[in-house]
Amino acid sequence: GLRITVFSAESLKNGSWDGTTLYDQVFNVVYESKRKEMAEAILGGDWAMNDLFIVTSFKTVNYDNLLTEALKTIGGCNPRVVSGLGDTDTSYNYNTPYVLVGSKGLGDCGGYEAVGDDGQFSPPAQINKFWIPDEKGEGGWDIGPPDPILGCTDKQASNYDPNATQDNGSCEYPPEI
């Protein structure tokens with residue numbers, strides 16, 4: 001699942017948290033209805049530009065286009081499931097650790113996002129980022145283009161990756177009969 005906690009910039013004045021939260025909810029995103037519910041909470045909330053979003057995973061996760069796009073509105077980039085070192089079945093990688101620290105106005109890939117692998121050797125997620133709210137409410141930072149997401153971009157391939165933005169030559173095709 002995914003947990004989303006939202007703090008107001010006001011509650012984090014001068015680098016100290018006053019103990020209040022605007023929103024704190026857990027979603028079992030294995031289920032499509034819960035992914036939709038979480039996406040609607042992000043997209044439909046009355047959030048201010050400087051509200052701080054923290055999204056963390058626990059146990060099993062899954063993503064779809066709607067949830068991915070919602071996470072991008074708060075600084076997410078490419079949440080995904082990742083094969084781990086201990087995987088024996090790489091087609092089932094839903095225990096991937098995920099952390100996002102973001103805010104409205106950061107745009108795609110503008111927040112801090114970490115996606116681990118779900119293997120036994122995954123280190124615990126750590127966040128080492130100093131949060132400086134945009135006091136003037138200007139937003140709209142230009143942080144440059146995101147790094148390309150490498151993978152197979154050919155829809156005809158058996159290992160097509162819809163999230164890939166740059167082909168890495170890994171496409172595999174079923175044998176022709």
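Hydrophobic clustering (side-chain heavy atoms under 4.5 Å, transitive across Ile, Leu, Val, Met, Phe, Trp, Tyr) groups Val99 together with Leu12.
If you chain together ILVMFWY residues whose side-chain heavy atoms come under 4.5 Å of each other, Phe58 ends up grouped with Val26.
Checking side-chain atoms of Ser158 against main-chain N and O of Glu172 turns up a donor-acceptor pair under 3.5 Å.
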Decide yes or no on side chain to side chain contact (heavy atoms under 4.5 Å, CB included) for Leu52 and Ile54, but give the supporting numbers first. CA-CA 7 Å; Leu52 177 65; Ile54 309 289; 4.2 Å; yes
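Leu67 places a side-chain heavy atom less than 4.5 Å from the side chain of Leu2. In this structure the side chain of Thr153 never reaches within 4.5 angstrom of the side chain of Gln166, judged on heavy atoms. Taking 4.5 Å as the limit, some side-chain heavy atom of Met38 sits within range of a side-chain heavy atom of Val55. At a threshold of 4.5 Å between non-hydrogen side-chain atoms, the residues Ser11 and Trp17 count as touching.
The one candidate from Leu22, Asp24, Asn50, Thr21 that meets the side chain to side chain contact (heavy atoms under 4.5 Å, CB included) condition with Phe7 is Thr21.
No side-chain donor from either of Tyr23 and Asp51 sits under 3.5 Å from a side-chain acceptor of the other.
Heavy atoms only, all atoms of each residue included: Ala157 and Cys152 are closest at CB-SG, 3.4 Å. Residues Asp167 and Asp154 share a closest heavy-atom pair of OD2-N, 4.3 Å. In plain terms, the two heavy atoms of Lys104 and Thr73 that are nearest each other are NZ-OG1, 3.5 Å. Ser170 approaches Gly151 most closely through the heavy-atom pair OG-C, 4.1 Å. Of all heavy-atom pairs between Gly76 and Tyr98, the closest is CA-OH, 4.5 Å.
Residue-environment remark: CD (Glu32) stays at or below the threshold of 12 foreign heavy atoms within 6.0 Å.
The line from OG1 of Thr56 to CD1 of Ile4 is 10.0 Å long, rounded to the nearest 0.5 Å. Annotation: the span from Glu37 atom CD to Asn28 atom CG amounts to 10.5 Å, rounded to 0.5 Å. A distance of 8.5 Å separates OG in Ser103 from CD1 in Ile74, rounded to the nearest 0.5 Å. Rounding to the nearest 0.5 Å places CG of Asn62 at 15.0 Å from NZ of Lys34. Put simply, CZ on Arg35 and CG on Asn65 are 10.0 Å apart, with the number rounded to the nearest 0.5 Å. Note that OH of Tyr112 and SG of Cys77 are 13.0 Å apart. Values are rounded to the nearest 0.5 Å.
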